[in-house]
S.K.: 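The structure is given below, and queries will be raised subsequently.
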Amino acid sequence: DAGVIQSPRHEVTEMGQEVTLRCKPISGHNSLFWYRQTMMRGLELLIYFNNNVPIDDSGMPEDRFSAKMPNASFSTLKIQPSEPRDSAVYFCASSPTGVGTGELFFGEGSRLTVL
Amino acid sequence: DAKTTQPPSMDCAEGRAANLPCNHSTISGNEYVYWYRQIHSQGPQYIIHGLKNNETNEMASLIITEDRKSSTLILPHATLRDTAVYYCIVRVYAGNMLTFGGGTRLMVKP
């Protein structure tokens with residue numbers, strides 16, 4: 001079975017450029033999460049969606065960050081303009097709400113470096 | 001969700017049991033204990049969860065104290081591939097958000 005698919009796996013960009021990270025959740029999962037991981041702050045929840053609707057975006061650092069989920073099989077996290085402090089690994093996770101173990105399934109992550 | 005406290009690091013000899021403690025003294029009656037681990041450069045991986053009874057699966061065992069204020073994750077025969085950061089998280093089952101703390105960095109040594 002295909003797991004959560006993220007792209008790109010690695011991105012190097014210059015300060016001020018727009019960055020778009022993509023996520024394909026596991027088919028049938030109706031909750032999707034974006035996390036960011038840095039050495040200093042660990043794993044932080046940025047935003048999560050339920051049935052394509054953003055439920056909690058309190059973790060989004062500032063207006064430069066935006067996330068969308070236009071349909072059940074695709075989500076994007078956009079940073080515009082990017083800054084060096086945005087360098088991190090960004091993880092996407094999906095989960096079937098209210099059934100099973102409540103387990104979140106994580107992708108392999110997108111490593112972003114902003115120069 | 002209740003806060004958890006874990007030791008920052010632990011060592012374990014290969015083939016021996018690894019016992020990872022977690023304190024969650026402010027846990028509420030409807031909160032579950034979840035364990036995840038993160039192997040270097042990979043996304044976190046679910047291990048096990050429980051409410052008040054001890055649980056076991058193919059990966060590990062979870063022992064929850066009777067007052068539910070602490071728990072222990074047991075890897076019965078640790079291998080080098082179990083070297084990872086282990087996160088103990090408490091949350092309401094129906095609430096899908098997971099809030100990660102610092103975790104315990106387990107180093108399994110030959």
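When reading the values below, keep in mind they use all heavy atoms of this one structure, side chains included, and skip hydrogens, waters and symmetry mates. Throughout, protein chains are lettered first and strands after them, A, B, ... in sequence-line order, and every chain is numbered starting at 1.
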S.K.: Is Leu45(A) close to chain B through its backbone or its side chain, or both, or neither, when contacts mean heavy atoms under 4.5 Å?
M.R.: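 Side chain only.
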S.K.: Which atoms of Gln37(A) are under 4.5 Å from chain B, going by heavy atoms: the side chain, the backbone, both sets, or neither?
M.R.: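 The side chain, not the backbone.
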S.K.: Linking directly or through intermediates, with side-chain heavy atoms under 4.5 Å: list the remaining ILVMFWY members grouped with Val19(A), chain and number order.
M.R.: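 Traced through the cluster, Val19(A) reaches Met15(A), Leu21(A), Leu32(A), Trp34(A), Leu46(A), Ile47(A), Phe49(A), Met60(A), Phe65(A), Met69(A), Leu77(A), Ile79(A), Tyr90(A), Leu112(A), Val114(A).
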S.K.: Quick one: of Pro44(B), Gly43(B), Gly101(B), Gly102(B), who has the most non-hydrogen atom pairs under 4.5 Å with chain A?
M.R.: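 Between Pro44(B), Gly43(B), Gly101(B), Gly102(B), the count favours Pro44(B).
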S.K.: Should the pair Arg91(B) and Tyr32(B) be classed as cation-pi, given the thresholds of under 6.0 Å to the six-membered ring centre and 45° from the axis?
M.R.: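 So Arg91(B) doesn't make the cation-pi contact.
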S.K.: Would a line drawn from the ring center of Tyr35(A) to the ring center of Phe100(B) be shorter than 6.0 Å?
M.R.: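 Judged by ring-centre distance (under 6.0 Å), Tyr35(A) and Phe100(B) do meet the cut-off.
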S.K.: Minimum heavy-atom separation for Ala13(B) and Val108(B), please, with both atom names.
M.R.: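 That closest heavy-atom pairing would be C-CG1, 4.3 Å.
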